[in-house]
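Structure, as structure tokens:
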Amino acid sequence: MDILFTSAFKLAEAIKAQTLSSREVLEFFLARVEQFNPALNAVIQLDTQRARARADAADQAAQNGEDWGPLHGVPLTIKDALGTSGIVTVGGMPECANNTPQCNALSVQRYIDAGAIVFGKTNVPFMSADLQSYNEVYGVTNNPWNLERTCGGSSGGAAAAVAAGLTPLELGSDIGGSIRTPSHFNGAYG
């Protein structure tokens, strides 16, 4: 199975059926982040060690016939506006540059409860309040189709990461176009 641009649900099915391993899928996306993210700056935090441990646990669970849910063993990224336990969560605000939540936002926890593995965070504008993704902490995120253009905002890092194949699925948020606008700018679905 070709991992790139395969739906998260298809990846979970393959992991549960043991035709792909969660660790193999995670390493695939980590390699893409390493290769393509320097020009994009979409993924601004990685949680590699914990993600690898959870991927190994997901593979062991599949071998034992356990089903963690519809996202069993699927690695993904989370918009930096959403609190994620143990991973610095800045929300584009310099005064939060060292903020490491002790618990997950409800939406993040629901992904984890569905079997997902959080391996990184994606960039947002200051307080998620702009139609581009720039902040003083992490800088600007570029559009993967044209580095001279914006990826949009506020889920711009999320949309750029999905469009560039750095993650199979992302968790964003939207009040006034924060998923819809970046999806349009990056040629992704949100």
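Only this structure's heavy atoms are used, side chains among them; waters, hydrogens and symmetry mates stay out.
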Name the residue from D47, T48, V33 that meets the side-chain contact (heavy atoms from CB on, under 4.5 Å) definition with F119. V33
Taking atom SG of C96 and atom CZ of F126, what is their separation to the nearest 0.5 Å? 8.5 Å
Between S155 (side chain only) and G172 (backbone N and O only), is there a donor and an acceptor less than 3.5 Å apart? no
Quick check: is I87 connected to V108 through a chain of hydrophobic side chains (ILVMFWY, heavy atoms under 4.5 Å apart)? yes
Taking CD in Q49 as the centre, count heavy atoms belonging to other residues, nucleotides or ligands within less than 6.0 Å. Is the count above 12? no
In short, S178 meets K79 closest at the heavy-atom pair CB-NZ, 4.1 Å
Do T89 and D80 make a side-chain contact, defined as non-hydrogen atoms from C-beta onward lying under 4.5 Å apart? yes
How many angstroms lie between CG in L11 and CZ in F5, if you round to the nearest 0.5 Å? 12.0 Å
Given side chains that start at C-beta, do those of L46 and L30 come closer than 4.5 Å, heavy atoms only? yes
Atom of S173, atom of S154 and distance for their closest heavy-atom approach: O-OG, 4.4 Å
What are the two closest heavy atoms between C151 and G157, and how far apart are they? SG-N, 4.2 Å
Going only through I, L, V, M, F, W and Y residues with side-chain contacts under 4.5 Å, is there a path from L131 to V124? no
Step through the shown structure and confirm whether more than 12 heavy atoms of other residues, nucleotides or ligands are within 6.0 Å of CD on Q60. yes
Could you check whether any side-chain N or O of N123 sits under 3.5 Å from a backbone N or O of G139, counting only pairs where one atom can act as donor and the other as acceptor? yes
Do you know which two heavy atoms are closest between T150 and S133, and how far apart they sit? OG1-N, 4.4 Å
Can you check whether F9 reaches L169 side chain to side chain, under 4.5 Å on heavy atoms? no
Hey, any chance I117 and L71 share a hydrophobic cluster, counting ILVMFWY side chains that come within less than 4.5 Å of each other, even indirectly? no
With a 4.5 Å limit on heavy-atom distance, are the side chains of V25 and V74 in contact? no
I want to check something: taking the side chain as every heavy atom from C-beta on, are L166 and T77 in contact at a cut-off of under 4.5 Å? no
Apply side chain to side chain contact (heavy atoms under 4.5 Å, CB included) to residues T19 and M1 and explain how you reach the verdict. CA-CA 8 Å; T19 57; M1 170 183 279; 5.7 Å; no
dist T181:OG1 -> N186:CG (nearest 0.5 Å) comes out at 10.5 Å
Less than 4.5 Å apart, side chain to side chain, heavy atoms only: is that true for N142 and N41? no
Looking at Y189, I want to see if its OH is surrounded by more than 12 non-hydrogen atoms of other residues, nucleotides or ligands under 6.0 Å. no
Does one hydrophobic cluster hold both F28 and L20, with members joined at side-chain heavy-atom distances below 4.5 Å? yes
Does I3 belong to the same Ile/Leu/Val/Met/Phe/Trp/Tyr cluster as F36, with side-chain heavy atoms less than 4.5 Å apart forming each link? yes
Only pairs at least two apart or in different chains count here, so list each side chain to side chain donor-acceptor pair (under 3.5 Å) that has a residue in residues 91-105. N104-Q109
Expected output: side-chain D174 to main-chain R180 donor-acceptor under 3.5 Å: yes
Apply the side-chain contact (heavy atoms from CB on, under 4.5 Å) test between V43 and each candidate in N37, T141, T167; give the one that qualifies. N37
Working to the nearest 0.5 Å, report the span between CZ of F29 and CD of E24. 11.0 Å
Does any non-hydrogen side-chain atom of L171 lie less than 4.5 Å from one of L76? no
Test your reading of the model: is there a side-chain donor-acceptor pair from N143 to the backbone of W145, 3.5 Å cut-off? yes
Heavy-atom nearest pair, N135 first then V137, reads OD1-N, 2.9 Å
Could you check whether E170 and T122, counting side-chain N and O atoms only, form a donor-acceptor pair closer than 3.5 Å? yes
CD-OG distance between E13 and S7, expressed to the nearest 0.5 angstrom: 7.0 Å
If you look at every heavy atom in L4 and G165, which pair is closest and at what distance? CD1-CA, 3.8 Å
Give a yes or no on this: more than 12 heavy atoms of other residues, nucleotides or ligands lie within 6.0 Å of atom CD of E136. no
I'd like to check L147 versus L40 (side-chain heavy atoms, cut-off strictly below 4.5 Å). Are they in contact? yes
How many angstroms lie between CZ in R54 and CG in D59, if you round to the nearest 0.5 Å? 12.0 Å
